[in-house]
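In what follows, a single structure is set out as C-alpha cells and then discussed.
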Amino acid sequence: MLLRAAWRRAAVAVTAAPGPKPAAPTRGLRLRVGDHAPQSAVPADTAAAPEAGPVLRPLYMDVQATTPLDPRVLDAMLPYLINYYGNPHSRTHAYGWESEAAMERARQQVASLIGADPREIIFTSGATESNNIAIKGVARFYRSRKKHLITTQTEHKCVLDSCRSLEAEGFQVTYLPVQKSGIIDLKELEAAIQPDTSLVSVMTVNNEIGVKQPIAEIGRICSSRKVYFHTDAAQAVGKIPLDVNDMKIDLMSISGHKIYGPKGVGAIYIRRRPRVRVEALQSGGGQERGMRSGTVPTPLVVGLGAACEVAQQEMEYDHKRISKLSERLIQNIMKSLPDVVMNGDPEHHYPGCINLSFAYVEGESLLMALKDVALSSGSACTSASLEPSYVLRAIGTDEDLAHSSIRFGVGRFTTEEEVDYTVEKCIQHVKRLREMSPLWEMVQDGIDLKSIKWTQH
Amino acid sequence: NSFESVASDTLTLFLFFPLNSFRTYAVRRIRDAFRENKNVKDPVEIQTLVNKAKRDLGIIRRQVHIGQLYSTDKLIIENRDMPRT
C-alpha cells in the first residue's frame with residue numbers, strides 16, 4: 001500500500017516540472033567505457049562514424065576484486081573532503097581537533113565490528129600493508145629467539161611474498177598444504193609448530209575460492225602453543241561474524257575496499273593483552289602508536305569506519321540474501337550444464353564467492369564471451385600471467401579444470417535480475433564453446449580423454 | 001502519522017537513484033526494514049526508529065543528487081530491448 005502511494009507520487013513528480021530530474025542533463029560529466037570517445041570531444045567532421053547506439057555498462061559480479069562505495073559511506077566521507085580538511089595530528093586548532101575526533105570515532109567503529117579495543121586498531125593503506133606489518137614486523141621483532149613462521153599455500157600473494165622476503169633474511173617458513181576442500185589439516189598445523197615458531201598466518205576467507213578456514217580452532221591451537229596467530233580477514237570482515245577474543249586472534253588485517261569502503265585504506269588489529277610486539281616498517285613522526293608513521297587520511301578512515309558500522313548493522317540481512325542468490329546461481333547453472341565443478345568445500349564456504357570450473361571450455365575464452373558481465377578467473381593480482389591460479393593448484397585441481405575456472409562474486413547490491421542474466425549468458429556461451437570443442441565431441445563419443453596419447457607433428 | 005510519511009517520502013526518493021543496483025537495493029532494504037519494525041509498540045523505540053529514518057532520508061536525498069550529477073551509462077539489463085551477445 002505504501003509502495004503504491006509512493007509510485008503514484010513518483011509518477012506525479014516525474015511528469016510535473018522541477019524536483020530531482022531522473023535523466024541528468026549534465027552531459028559534460030558523462031564517462032564512457034572502453035574506446036568510445038568522450039561525448040564533448042567528438043568533432044563535427046567525423047559524422048562518418050555511425051551512431052553506435054547507447055553504450056551499456058557490464059554487470060558487476062567481481063566483488064572479491066573490489067566493491068562499490070556504499071552511499072552511506074560516501075555521505076560520511078564527503079564533509080571531510082570538503083570542509084573538515086584538517087590534519088588529525090595538528091594539536092593546536094579546531095581543524096585538527098575535529099579531524100582527530102572523526103579518526104577516533106572511525107577507530108571505535110572498526111574495533112566494535114571485530115570485538116576489539118579501539119587502541120588495538122592501527123590504520124594503514126590497505127590489507128597488503130597490514131599483512132606486511134604483521135608478518136615482517138612480528139618476525140623481525142622476535143628474530144633473536146624465534147626464526148620460524150608457518151603459513152598456507154593458498155594465502156594472498158602479499159603474505160607469500162612477505163614470507164619469501166623473510167626467507168632471504170634467514171628465516172625459515174613452512175607453507176602448509178591444503179586438502180582438496182581447500183581447508184588446512186589441523187593435525188599438520190600442530191605438527192609443524194616448532195619451539196622457535198613466532199607466527200602462524202592463515203587467511204579467514206579465501207579470495208579465490210571462498211573457503212572458510214577453521215579460525216577458532218587454529219586460534220586455540222596457537223594460543224596453547226604460545227605462538228602468535230595472524231589472519232588476513234580482508235574478505236571476511238563485515239561479512240561473517242568475527243571476534244578476536246573468542247577466536248584467539250592476535251593480529252588481523254582489514255581492507256577498506258572489500259567492504260564497500262574506499263580504496264587506499266585498511267587497518268591492522270594488534271592485540272594488547274597479552275601484548276604483541278611488532279617492529280614498525282614505516283619510520284616517521286610516530287603516528288599510530290609508532291607502528292605506522294604518516295598522516296592518517298581522515299576522509300578515508302572515516303569511510304572505513306562508516307563501512308564497518310554499516311556492515312555490522314547489515315551483516316545478517318546481507319548474509320541471508322547473498323546465500324539465497326548464491327544458491328540460485330549455482331543451482332541454475334548446474335542443473336542446465338553437465339561437467340561443472342565447484343572449487344572449494346561447499347560447507348565451510350562464504351556464499352558470496354563462487355568459483356566454478358567448466359570442463360572442456362577455456363576460462364579466458366568464456367570470460368571474453370561473457371563481456372556483458374564483469375567476472376574474473378581467479379584473483380586480480382595474478383590475472384596478468386597466463387598460469388592457472390596457484391590456489392587451484394594447491395587444492396589439487398587438474399590442469400585443464402584449473403584453466404577453465406571462473407569466479408562469480410555476489411555482493412550487497414547484486415540483484416536477482418543480474419544473477420539470472422549471468423546464469424543465462426553463462427549457460428548459453430558454455431554450450432556454444434563446447435559445441436566448438438573437439439574434446440567435448442570426443443567425450444560425447446565416450447572416449448576417455450586421459451587415455452589418449454597425443455603425438456607431436 | 002509521521003512514521004508513514006517518512007516511509008513514503010523515503011520510498012519515493014529511492015526511485016530516483018540513478019544507479020540501478022543502489023536503487024533496487026534501497027527499495028528492498030527500506031521496505032524490509034519498515035516491515036520488520038512495523039509491530040514495534042514502545043513509543044521511545046518508535047521515535048528512535050523514526051529519527052533514524054529521517055537521518056537516512058537526508059543521506060539518500062544527498063546521495064541521489066550526487067549520483068545524478070555524475071551519472072553514466074545504464075547497465076546491460078536496464079535496456080533489454082537492445083540485446084548484445
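A note on names: the letters A, B, ... follow the listed sequences, proteins ahead of strands, and every chain is numbered from 1. The structure presented is a predicted model; accordingly, all values stated were derived computationally and were not measured.
- Of all the heavy atoms in B:F22 and A:L69, the pair that sits closest is CZ-O, 3.3 Å.
- Few gaps surround OH on A:Y317; more than 12 heavy atoms of other groups in view lie less than 6.0 Å from it.
- Of the atoms belonging to A:L370, not a single heavy atom falls under 4.5 Å from chain B.
- Once rounded to the nearest 0.5 Å, the distance linking CZ of B:R55 with CG of A:D75 reads 11.5 Å.
- Applying the side-chain hydrogen bond (donor to acceptor under 3.5 Å, both in side chains) criterion to A:R412, with sequence neighbours excluded, gives A:D70, A:D318.
- There is no contact between A:Y60 and chain B, counting heavy-atom distances below 4.5 Å.
- Not counting sequence neighbours, the partners of A:E314 by the salt bridge (Lys or Arg N to Asp or Glu O under 4.0 Å) test are A:R72, B:R29.
- Summarising the geometry, atom CZ belonging to B:R28 is positioned 8.0 Å from atom CD belonging to A:E416; distances are rounded to the nearest 0.5 Å.
- For the pair B:L75 and A:L56, the tightest heavy-atom approach, listed with the atom from each and the gap, is O-CD2, 3.9 Å.
- Taking CZ of B:R62 as the reference point, atom CG of A:L74 lies at 10.0 Å (rounded to 0.5 Å).
- B:I76 CD1 to A:E418 CD: the interatomic distance, rounded to the nearest 0.5 Å, is 11.0 Å.
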